[in-house]
Each structure stands twice: as C-alpha cells, then as structure tokens.
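We name chains A, B, ... by the order of the sequence lines, and we start the count at 1 in each one.
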Amino acid sequence: MSIDINKRLSENLSQVLDIPAEKCYSLIETPPDTGFGDFAIPCFAFTKESRKNPAQIASDFERLFSKKAKNNEVIQKVKSNGPYLNMFVNKVYIVREVVRHVFKSRFPGLHGTGKTVIIDYSSPNIAKPFGVGHLRSTVIGSSLYKIFSFLGYKVIGINHLGDWGTQFGKLITAYKRWGSTEQLKSDPVKYLFNLYVRFHSEAENTPELEDEARSWFSRLENNDEEAGRLWGQFRDLSVKEFKKIYGRLGVEFDYYTGESFYSSVLEDTIKSMKEIGITSESDGALIVPLGDDMQPALLRKSDDATLYLTRDIAAALYRHRTFHFDLALYVVGSPQALHFRQLFSVLGKMGLGWNENCHHVPFGHVRFAEGSMSTRKGNIVFLEEVLDKASELALSIIEEKNPGLNHKNEVAEAVGVSSVIFNSLKNYRIKDVAFVWDEVLNFNGETGPYLQYTHARINSLLKKFKEIHGELRFEEGLSFGAEGYGIVLLINNFENVVIHASKEFEPSIISRYLLDLASQFNSFYNTHRIITDDHSLSLSRALVVYGVKMVLKKGLELLGLKAVEEM
RNA sequence: GGGCAAUUAGCUCAGCUGGAUAGAGCGCUGGCCUCCGGAGCCAGAGGUCGCAGGUUCGAAUCCUGUAUUGCCCGCCA
C-alpha cells in the first residue's frame with residue numbers, strides 16, 4: 001500500500017546523470033534538516049570510478065542536472081552542498097500520489113504468503129498469579145501474532161503453560177498438608193499462590209518437605225490417580241482465571257498446549273535421542289554434552305524426573321511435525337537465553353536443520369524500585385490490580401473532560417487497558433522495565449491514550465467534514481498543498497515499518513512510528529484548518545487526515561490496543 | 001571465574017544498521033481556545049553519547065580493551 005518514492009527519484013536521476021539507478025536507489029537518504037533539501041545523495045560512493053573528490057562530483061551533478069532536466073515532474077531542483085547532492089522534490093505531487101494510492105488500495109499484506117510462523121508466548125505457570133511480569137511476554141507475543149498475520153503469514157499462537165514440573169509436587173504437598181477445598185474454589189489462583197509461598201517459607205526449616213514434593217511429582221509422572229486428580233483441578237481453575245485476563249487484554253491463542261501435553265511422549269523423545277547417540281550419563285543424570293563453550297543440556301535428573309528442557313525438546317519436535325513451521329518464536333524473558341541456546345543446539349545436534357528457524361525473542365524483566373520480583377517470596381503486583389486502577393483512572397478523566405460520553409465504562413476500560421499495554425510495548429523489548437505507578441497511569445505524552453485521543457479526534461473531525469462537504473472521495477484536480485508532505489511520507493512508510501518490526505520481532509518499532517505519526521498530525525491540526533469554505537482545499541486535507549486515521553487504527557490494532565471512536 | 005545483555009538530557013527512552021548542527025516524552029519555566037476535541041499545540045532551559053584506543057573521507061552507530069549495572073552458569077521453571 002505504498003508508493004516507492006526512492007524508485008521514482010533514482011530513475012529520474014539515473015537518466016539525467018547517467019549513473020546506475022540501483023546504486024542511486026540504495027544511496028538515497030533524508031537530510032538532517034529540511035533546509036538542506038528533501039532527499040539527498042552522499043557522493044562519496046562515486047569517488048572511485050571518477051577519481052574526483054565528492055564535493056566536486058556533487059557540484060558536477062548539480063550543473064548537469066540543471067542543464068538537462070527542465071520541468072521534471074518529481075524533482076524540482078538539486079543543489080550541491082559539500083559532498084552531498086540535495087534534492088528538492090515536488091511535494092504537492094508526492095502528497096497527491098500517496099493520497100491517491102492510500103485511498104484506492106487496501107492493506108494487502110502479501111509479504112509472508114505461504115509461510116507459517118508459530119509463536120510461543122505468555123506461557124504463565126499454573127498456580128502462580130498473573131503478575132505484571134507476565135504481561136510483557138503476553139503483549140509482545142500477541143502483537144507479533146498480529147504483525148505476522150497482517151503481513152500474510154499463517155500464524156499459530158501457542159500458550160505453553162507451565163503446567164508440569166516439580167512445582168506441582170510442591171503444591172500438592174502444601175495442599176495436602178494445609179489446604180481446604182472451599183478456599184480453593186473461592187479464589188483459586190491467589191489461594192494456590194499462597195500455598196506455594198507458604199511451602200517455600202516452611203521448607204527452609206523443614207527440608208523433608210522438598211523430598212515429599214519430589215515424591216508427589218514422581219507419582220504424577222507415573223499416572224498416580226490422586227496426584228493426577230489434584231493436578232487437573234489446579235490446572236482447570238487456573239486456566240479459567242487466566243482466560244479472564246486474556247479477555248480483558250484482547251489476547252487469544254490457537255492452542256493451550258502446555259508442558260503436560262508432552263509428558264506422554266517424553267520417553268520416546270529421550271529414547272530417540274539415545275539412539276542417535278548424542279546423550280551420555282553424568283552423576284546418575286542423563287545429559288547431552290554441547291561442547292566446551294556451553295553447559296551440557298540436562299534431560300533427566302538422577303531421580304528420573306524430566307526437566308523443562310526435555311519437555312521443550314519434545315514440544316519443538318511435535319510442533320515441527322504438526323505445523324511444518326518456517327519460523328518459530330519463543331517470547332520468553334532474557335534470563336532464559338542460555339536455556340534456548342541449549343535447546344536449539346540440541347535440535348541442531350539431532351541433525352534437524354530447522355533449528356536455524358527457531359528464535360528466542362527475549363525481553364527485559366519488570367523491576368520495582370525496591371528490587372526485583374520473586375514469585376516465591378510473594379512480592380508481586382497482580383496484573384488485574386493494575387488494569388483495574390488504569391481503568392478507574394480513565395473513567396475519572398472521562399467524567400472530568402467528557403461527561404456526556406456514551407458507554408463510559410467500556411471506553412474507560414479500553415483506554416485504561418490500552419495504556420498498560422502500550423507502556424509495555426513502547427520501548428525496545430530487551431530493556432528492563434522499572435514498574436512505576438505514576439508512569440503506568442500517566443495518560444499524557446508518549447502513551448496509548450495519546451494515540452487513542454488522536455484517533456478519536458480525527459474520527460470526530462471526519463464526521464464533521466462529512467456533514468458539511470459530503471462523503472470523502474479522491475478526485476482529480478484537488479488543491480493539494482505541500483503542508484501535508486511530512487505526514488504523507490510517514491503514511492507511505494507504514495508497510496515498511498511493519499515489515500521492519502516483523503524482521504526484528506520488535507513491536508516497539510510500530511509504537512515509535514505511531515507516536516511520530518500522531519505527533520505530526522497534531523502539529524498539522526494545530527496550524528491548518530481542515531474544514532473550510534473551500535471544498536477542494538478541505539477535501540484534499542481531509543483525505544490526508546483520513547490516511548492518518550487508517551494507519552493509526554491499523555497500527556493500534558497491531559499492538560493490541562483498541563482504537564475507540566470517542567473518548 | 002566463564003558467558004549474555006545494557007550504558008545517550010534530572011528521569012524514561014529514540015537515533016532509520018557508518019553520514020551534515022545527537023532527537024522525543026515526563027518533570028521544570030513561559031506562551032496558545034470569539035476558531036474542526038487543551039488526554040492537544042508552540043517555545044525555553046537541560047549533552048564530553050560510561051571511559052580509552054582502533055578501523056576511514058566520516059563513528060552515538062563497526063572492532064578491541066576497560067569500568068559499572070542486570071541476568072545466566074546440570075538435578076527449579
């Protein structure tokens with residue numbers, strides 16, 4: 001849905017200056033200051049063949065262009081400035097061409113046609129509350145899901161629940177000792193969480209609890225009836241709670257196949273790895289040695305219990321067999337970087353080849369000013385609480401600024417939740433996030449509500465436009481002006497931005513772009529009237545604004561934010 | 001001790017993969033609605049891009065070293 005401006009420029013230049021269009025194309029850049037020009041070509045790259053200094057080349061180009069190219073449709077004039085050849089383009093032409101294109105085309109998204117990508121995200125542990133720490137994996141993964149879908153990929157989202165492992169031995173132990181059915185039913189996740197915390201504090205003085213826990217997990221792995229029943233109960237109650245949160249966040253999954261899903265195939269997986277001959281015994285445990293520069297991968301503990309890694313190997317094999325993916329993304333915190341290097345390395349050692357297509361998508365963890373969060377110590381902020389607070393704050397702001405608004409509660413929820421999501425997607429994902437209430441609940445500046453506000457304002461603006469000037473449509477001969485040029489360049493760049501985000505697995509690239517777009521629009525809006533008595537002028541500006549709205553709406557959607565019509 | 005990552009304004013961060021005078025937001029100071037939504041806009045103050053070398057026409061960006069911080073380093077996930 002974009003026009004290739006650089007291509008038009010480079011073809012023009014190549015004809016007039018007799019240089020290869022491809023070379024020109026790759027050199028085109030934007031000057032740091034608009035006073036220099038709209039586009040520029042640094043001439044360093046031409047020094048080798050012409051054996052002249054770049055400033056000389058630039059001024060030769062300028063002279064040649066001025067002599068040969070009269071009345072060029074795109075490039076109005078060129079001017080050399082030291083080693084740079086600066087171009088001044090016909091801005092009205094570009095505004096018109098982009099608007100024409102945006103208005104007539106839809107978002108095609110053919111970039112990833114025929115390719116399948118699976119994304120493993122959110123993946124909370126059962127029986128642990130959904131904290132703000134889980135938010136990042138959830139919203140980053142969900143956004144990547146939407147980004148790849150937009151580009152035409154077939155996407156499969158998997159919630160790899162942490163529903164297996166010795167922690168369930170711990171939970172069963174705690175529940176058997178101190179638990180009650182009534183309390184479990186009333187607030188399952190918080191109750192299980194309290195049991196989990198209590199287990200760890202009591203185990204410090206009573207070490208035999210650990211043995212009891214290991215024994216319960218062993219019974220679970222051996223299909224013990226009681227262990228299985230309790231486990232099933234914990235899992236069902238937790239998943240139900242998680243789905244409530246996912247509903248609020250607008251996050252969905254194709255599969256909830258957690259670690260337990262693979263428990264039945266673990267033996268076969270281990271067996272086939274033994275047959276390939278990459279395993280060995282060490283201190284009673286089964287490992288895969290990975291060379292001198294990496295710790296060996298532990299497949300089975302000395303007590304025969306399997307590990308996280310074992311289950312991830314089984315999961316990877318299953319997923320490739322089932323979905324034949326071209327790309328597999330694991331949206332998991334950066335502390336687990338080694339785990340994934342080991343996983344991919346083991347897959348490589350198995351001779352599978354497709355391990356190259358597996359990527360860990362790491363992100364920084366959430367920290368409080370007081371220190372890092374630990375589930376075991378019970379030091380955690382519940383996501384639900386954060387969403388509630390944000391939603392309440394949004395409602396109070398609506399009461400103050402727009403008390404007549406319809407569906408206040410729904411809008412407040414959309415704005416509050418979006419604010420929290422955006423706060424998590426605004427910056428490069430590898431950065432650690434300091435959790436500061438004032439920042440999460442700030443709706444001014446670089447925030448989700450700012451983007452939503454801009455969208456809502458455009459929406460009402462276009463509504464008003466229709467009342468006065470009728471339906472929006474592209475007409476030849478409209479009086480486009482150069483004032484929309486900056487905005488139009490951004491609009492035209494949207495698809496490239498999304499592609500860039502997909503290559504880097506980085507939603508924040510879109511966040512930054514949208515902030516830039518909204519800011520440019522707001523500035524434009526403050527200096528130019530859109531709706532005037534002049535029909536042609538109004539329509540041409542409204543079409544530019546319409547482009548902003550389309551891109552803003554789609555961009556918000558890709559991040560998982562709701563583009564409300566009014567707020 | 002080994003490995004991975006980060007380091008840019010008081011705070012939180014961008015900087016288009018090597019280009020011209022390093023940019024935003026928050027906070028602070030001062031302006032802007034007889035006019036399309038002030039959750040907005042404009043302006044000001046605020047910088048030795050952690051430090052030291054190297055690569056070349058040119059480095060916040062690439063390489064090496066170093067400091068600081070965070071995370072990881074077989075029987076948790």
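- Both geometric conditions, a ring-centre gap below 5.5 Å and a plane tilt below 30°, are not fulfilled together for A:Phe44 over the base of B:G58.
- Between A:Phe61 and A:Phe46, the angle of the ring planes goes over 60°, which puts this pair in the perpendicular group of the 30/60° scheme.
- B:U68 and B:A6 make up a base pair, with Watson-Crick or G-U wobble contacts both under 3.5 Å.
- A:Tyr84 qualifies as a stacking partner of the B:A20 base, centre to centre under 5.5 Å and near-parallel within 30°.
- Of the C1' atoms belonging to B:A59 and B:U8, the separation is 14 Å, rounded to the nearest Å.
- Each of A:Ser519 and A:His528 lies near RNA chain B, and the nucleotide nearest A:His528 is the one positioned closer to the 5' end.
- Closest contact between the side chain of A:His365 and the listed nucleotides B:A14, B:C71, B:C36 involves B:C71.
- In this entry B:U48 has no Watson-Crick or G-U wobble partner, no candidate having both defining distances under 3.5 Å.
- Using cut-offs of 30° and 60° on the angle between ring planes, the pair A:Phe168 and A:Trp231 is perpendicular.
- Remark: ring of A:Tyr453 does not overlap the six-membered base ring of B:G37 in a stacked fashion, as centroids less than 5.5 Å apart with planes less than 30° apart are not both met.
- Contact between the side-chain N/O atoms of A:Ser460 and the OP1/OP2 oxygens of B:G37 is found at a separation under 4.0 Å.
- Here B:G37 presents its P atom at 15 Å from NE2 of A:His455, a figure rounded to the nearest Å.
- You'll find a donor-acceptor pair under 3.5 Å spanning the side chain of A:Asn86 and the base of B:A20, going by distance alone.
- The phosphate of B:C42 (OP1 or OP2) has a side-chain N or O of A:Ser523 nearer than 4.0 angstrom.
- Among the heavy atoms of the strands lying under 4.0 Å from A:Asp283 is at least one base atom, whether or not backbone atoms are also near.
- Here, B:A14 and B:C75 have their P atoms 35 Å apart, quoted to the whole Å.
- Between A:Phe344 and A:Tyr330, the two ring planes are tilted [angle within 30° to 60°].
- Note on ring orientation: taking the six-membered ring where Trp is involved, the planes of A:His200 and A:Tyr196 are perpendicular (angle over 60°, cut-offs 30° and 60°).
- Of the candidates B:A77, B:C36, B:A39, the closest approach to any side-chain atom of A:Lys401 belongs to B:A39.
- With a glycosidic angle no further than 90° from 0, B:C33 counts as syn.
- With hydrogens and angles left out, the side chain of A:Thr166 and the base of B:C76 share no donor-acceptor pair within 3.5 Å.
- In this structure, the CD atom of A:Glu439 is 20 Å from the P atom of B:A24, given to the nearest Å.
- Note: A:Tyr84 and A:Phe44 have perpendicular aromatic rings, judged against thresholds of 30 and 60 degrees for the angle between ring planes.
- The side chain of A:Asn402 lies closest to B:G37, out of B:G37, B:G74, B:G70.
- Note: CD1 (A:Ile41) to P (B:G19) measures 15 Å, nearest angstrom.
- Pairing partner, B:G18: none, since no Watson-Crick or wobble contact has both distances short of 3.5 Å.
- In this model, the phosphate group of B:A14 is not approached by any side-chain N or O of A:Lys426 to a distance below 4.0 Å at OP1 or OP2.
- Smallest separation of non-hydrogen atoms from A:Val544 and A:Ile487: CG1-CG2, 3.9 Å.
- When the P atom is compared between B:U17 and B:C13, the two are found 23 Å apart, to the nearest whole Å.
- Using a 4.0 Å cut-off between charged side-chain N and carboxylate O, A:Glu399 and A:Lys408 make a salt bridge.
- Of all nucleotides present, only B:C13 satisfies the Watson-Crick or G-U wobble test against B:G23, with each distance under 3.5 Å.
- Taking 4.0 angstrom as the limit, A:Asn53 places none of its side-chain polar atoms (N or O) nearer than this to OP1 or OP2 of B:C57.
- Under the Watson-Crick and G-U wobble criteria, each requiring two contacts below 3.5 Å, nucleotide B:A43 is paired to B:U29.
- Listed nucleotides: B:C72, B:A77, B:G37. Nearest to the side chain of A:Tyr525: B:G37.
- The side chain of A:Arg512 contributes no N or O atom lying less than 4.0 Å from OP1 or OP2 of B:G25.
- The side chain of A:Tyr450 contributes an N or O atom lying less than 4.0 Å from OP1 or OP2 of B:C41.
- Of the P atoms belonging to B:A67 and B:U55, the separation is 23 Å, rounded to the nearest Å.
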